[in-house]
Amino acid sequence: MKTTTLFGCHCLLFAWYAFLVYSISALVGGRRSVAGIMPYGGQWKFLTVINLLLQAIFYGISFLTDAFVLMKKYRIAKPMFSFRDLLFGALAFPASMFVFAMFWTLYLYDREMVYPKSIDFVIPAWINHAMVSANAGWVVGNAEVLLVTSETEKKTVNGKYKNESLFPAIFASHQKLVSIQA
């Protein structure tokens with residue numbers, strides 16, 4: 001895929017995720033809230049919201065990397081390729097797939113467990129689908145794995161990422177910090 005096309009796609013996706021992070025912050029911090037949902041940790045205790053921020057950071061870095069390539073600043077872009085690939089392979093892709101799979105599995109099993117009906121008037125359905133369903137769709141459908149030339153092949157051992165345990169370790173430490181603050 002041409003760098004100009006990737007630049008445009010990454011720019012749009014960065015803007016989309018920045019808009020979603022802002023929208024969630026405005027909804028949760030605004031007048032429309034449900035008592036007892038955000039007693040500690042606020043919105044940042046939810047992996048879905050953390051995943052949105054992670055996707056915004058990933059697409060922002062991809063956008064900057066493409067901009068540097070278009071400006072022919074390869075010396076700056078080269079380390080950004082490695083960081084972008086690490087971020088995608090170790091955090092963005094696993095987090096997105098985990099959020100998608102777990103949310104819809106728990107939603108089908110018992111909706112009240114993961115997305116109570118009382119939240120429907122706080123978070124509109126389109127934002128819920130943008131946070132969960134479209135998130136996984138963009139990560140896979142954007143074809144980062146297939147269309148972007150990746151440096152990741154050089155960073156694998158026997159077909160596995162060297163840093164594949166990064167996501168579970170960061171998520172577990174985050175949950176521990178949230179539980180300590182409670």
Side-chain angles (χ1 to χ4, degrees), residues 1-28 43-44 46-105 107 123-168 170-171 174:
M1 190 174 248
K2 289 188 175 183
T3 305
T4 53
T5 307
L6 284 175
F7 177 77
C9 289
H10 289 148
C11 178
L12 289 173
L13 286 168
F14 172 65
W16 173 249
Y17 283 109
F19 168 73
L20 281 177
V21 169
Y22 172 77
S23 297
I24 292 299
S25 297
L27 284 173
V28 172
Q43 67 185 4
W44 302 108
F46 298 110
L47 183 58
T48 307
V49 177
I50 296 169
N51 188 31
L52 283 180
L53 183 64
L54 182 63
Q55 298 299 325
I57 291 168
F58 169 71
Y59 284 112
I61 290 170
S62 297
F63 170 65
L64 283 175
T65 304
D66 295 338
F68 285 127
V69 168
L70 287 173
M71 292 186 295
K72 300 188 186 326
K73 304 277 186 183
Y74 299 112
R75 187 170 167 213
I76 299 170
K78 187 170 180 166
M80 290 180 73
F81 280 120
S82 298
F83 181 68
R84 180 198 66 188
D85 291 343
L86 175 68
L87 184 63
F88 181 74
L91 291 174
F93 183 76
S96 183
M97 292 297 105
F98 181 78
V99 166
F100 176 77
M102 292 311 299
F103 179 87
W104 288 114
T105 301
Y107 188 91
I123 301 175
W126 73 269
I127 289 184
N128 181 39
H129 283 291
M131 289 190 309
V132 179
S133 305
N135 197 3
W138 283 123
V139 170
V140 174
N142 188 24
E144 289 289 340
V145 179
L146 302 174
L147 298 177
V148 176
T149 304
S150 177
E151 299 290 322
T152 308
E153 293 84 23
K154 299 174 187 173
K155 298 176 191 157
T156 59
V157 176
N158 296 329
K160 294 184 177 181
Y161 291 115
K162 290 179 183 176
N163 298 314
E164 69 183 7
S165 63
L166 192 58
F167 169 69
I170 290 174
F171 179 65
H174 170 266

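Numbers here simply count residues along the sequence, with the first being 1. Quick caveat, the model's predicted, so the values are computed rather than measured.
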Under the side chain to side chain donor-acceptor pair (under 3.5 Å) test, residues paired with Ser133 that sit two or more places apart: Trp104, His129
Taking only residues two or more places apart in sequence, or in another chain, which ones meet Phe63 in a ring-ring contact (aromatic ring centres under 6.0 Å, His included)? Phe7
Identify, with sequence neighbours excluded, every residue that meets ring-ring contact (aromatic ring centres under 6.0 Å, His included) alongside Phe19. none
Step by step, work out the side chain to side chain contact (heavy atoms under 4.5 Å, CB included) result for Leu47 and Phe103. CA-CA 10 Å; Leu47 183 58; Phe103 179 87; over 6 Å; no
What is the distance from atom CG of Leu53 to atom CZ of Phe58, rounded to the nearest 0.5 Å? 14.0 Å
For the CG atom of Leu13 and the CD atom of Gln55, what is their distance to the nearest 0.5 Å? 9.5 Å
Say you draw a straight line from CZ of Phe88 to CG of Leu54; how long is it, rounded to the nearest 0.5 Å? 10.5 Å
Starting at CE of Met131, measure out to CH2 of Trp126 and round the result to the nearest 0.5 Å. 10.0 Å
When rounded to the nearest 0.5 angstrom, what is the spacing between CG in Leu87 and OG in Ser82? 12.5 Å
Contact summary for Ser96 and Asn51, nearest pair of heavy atoms: CA-ND2, 3.4 Å
Exercise: identify the closest heavy-atom pair between Ala56 and Ala18: CB-N, 4.3 Å
Applying side chain to side chain donor-acceptor pair (under 3.5 Å), which residue pairs with at least one partner in residues 63-74 are found, sequence neighbours left out? His10-Asp66
Can you tell me how far the CZ atom of Phe14 sits from the SG atom of Cys9, to the nearest 0.5 Å? 15.5 Å
Taking all heavy atoms of Val99 and all of Val132, pick out the closest pair and write down the distance. O-CG1, 4.3 Å
